[in-house]
Amino acid sequence: MPLGFLNGLRPKGLTACLTLQALLAVATPARAQYVQIDSFEVTPFVGVRFGGTFDVRAEQPSQIQATWKDALSYGLSTGVRFDDFSLVEFRWTRSTSTLRFDAPLEPLGGSLGDVTLNQFHADFTREFVIPEVKGLRSFLTGSVGATRVAAAHDGFTRFSFGLGAGLKQLLGSRFAIRAEAKWLPILLDPEVGAWACGAVGFGGCLVVVTGPLMQQFELSVGPVVRF
């Protein structure tokens with residue numbers, strides 16, 4: 001700051017100016033520390049994805065309920081820590097299952113095989129220490145993203161989100177075991193037309209009818225590596 005400018009300030013103005021400069025000098029390192037990445041984490045996992053139903057319509061005007069059968073799932077999450085208890089991750093999950101149909105479609109083709117789900121979510125996790133057990137933490141997770149459901153040569157992508165909770169057992173500074181349960185609904189809106197053509201016994205197409213959420217749940221476990 002030029003000396004002429006400082007000389008022109010009154011004592012109170014000079015004091016206020018120096019105080020402001022001191023506050024900025026303190027705030028800048030604090031802000032830099034706040035956004036600093038503490039570490040990275042990678043978690044491969046396996047699990048089970050449970051159910052979910054939604055309405056479909058074939059060539060007849062009536063609606064039919066389709067049920068997503070329980071199936072194995074697997075995936076990978078990678079994330080960054082901004083402090084020891086906060087984690088932001090990108091998670092990919094894959095599961096292959098079948099759909100079962102209610103009457104009147106059931107006699108024509110009771111199931112639709114090889115329906116593949118790929119889910120891409122951003123997860124925001126907060127951990128909490130459990131003091132009674134060394135190295136054990138609980139955590140809560142909120143997530144948001146998109147899910148693609150594909151059958152034969154057709155597929156559709158819809159908005160999805162999730163809420164979860166779990167436990168993490170630390171095995172030193174770089175390794176841990178993580179187990180969690182998540183509620184992962186998929187919003188079936190807008191309507192999906194001409195889906196899974198030729199994959200059902202009558203040879204036509206299915207239409208996924210706009211409706212409420214398809215409710216799904218997942219249990220998973222996997223090792224955590226921090227570096």
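Predicted model, so just to flag it, every value in this text is computed and none were measured. These values consider heavy atoms only, across backbone and side chains, with no hydrogens, waters or symmetry-generated copies.
Looking at Ser39 and Arg81, their side chains never bring a donor and an acceptor atom within 3.5 Å of each other. In this structure, a donor-acceptor pair under 3.5 Å is absent between the side chains of Ser73 and Ser95. Looking only at atom types and distance, the side chain of Arg148 has a donor-acceptor partner in the side chain of Thr157 under 3.5 Å away.
The closest side-chain heavy-atom distance from Ile177 to Val224 is not below 4.5 Å. In this structure, the side chains of Phe161 and Pro185 come closer than 4.5 Å at one or more pairs of heavy atoms. Residues Phe217 and Leu184 have side chains not in contact (no heavy-atom distance under 4.5 Å, counting atoms from C-beta outward).
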Given the rule in the side chain to side chain contact (heavy atoms under 4.5 Å, CB included) test, do Thr93 and Ser220 qualify, once you have shown the distances and angles that lead to the verdict?
CA-CA 11 Å; Thr93 307; Ser220 65; over 6 Å; no

Could you walk me through whether Leu87 and Phe124 pass the side chain to side chain contact (heavy atoms under 4.5 Å, CB included) test, one step at a time?
CA-CA 6 Å; Leu87 181 65; Phe124 306 91; over 6 Å; no

As a quick check of understanding, evaluate side chain to side chain contact (heavy atoms under 4.5 Å, CB included) for Trp68 and Thr53, giving each step before the final call.
CA-CA 6 Å; Trp68 182 282; Thr53 60; over 6 Å; no

Hey, mind stepping through Glu89 and Arg178 against salt bridge (Lys or Arg N to Asp or Glu O under 4.0 Å) and telling me if it holds?
CA-CA 14 Å; Glu89 296 175 283; Arg178 171 174 166 175; 3.1 Å; yes

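With hydrogens and angles ignored, the 3.5 Å screen pairs a side-chain donor or acceptor of Ser97 with a backbone N or O of Lys69.
Rounded to the nearest 0.5 angstrom, Thr96 OG1 and Asp114 CG are separated by 7.0 Å. Atoms CZ and OG1, from Arg137 and Thr125 in turn, are 12.0 Å apart once rounded to the nearest 0.5 Å. The CZ atom of Arg158 lies 8.5 Å from the CG atom of Leu187; values are rounded to the nearest 0.5 Å. Rounding to the nearest 0.5 Å gives a distance of 7.5 Å between CG of Asp38 and CG of Asp83. In this structure, Leu219 CG and Lys182 NZ are separated by 12.0 Å, a value rounded to the nearest 0.5 Å.
Look at Glu180 and Arg91 and you find a salt bridge, because one of the NZ, NE, NH1 or NH2 atoms lies within 4.0 Å of a carboxylate O, short of that distance.
The aromatic rings of Tyr74 and Trp92 sit perpendicular, their planes meeting at an angle over 60°, well past the 30° parallel limit.
Listed by first then second residue, pairs satisfying salt bridge (charged side-chain N to carboxylate O under 4.0 Å, His left out) with a partner in residues 214-227 read Glu41-Arg226, Arg49-Glu218, Asp84-Arg226, not counting sequence neighbours.
Between Gln119 and Ser160, the shortest heavy-atom contact is NE2-OG, 3.7 Å.
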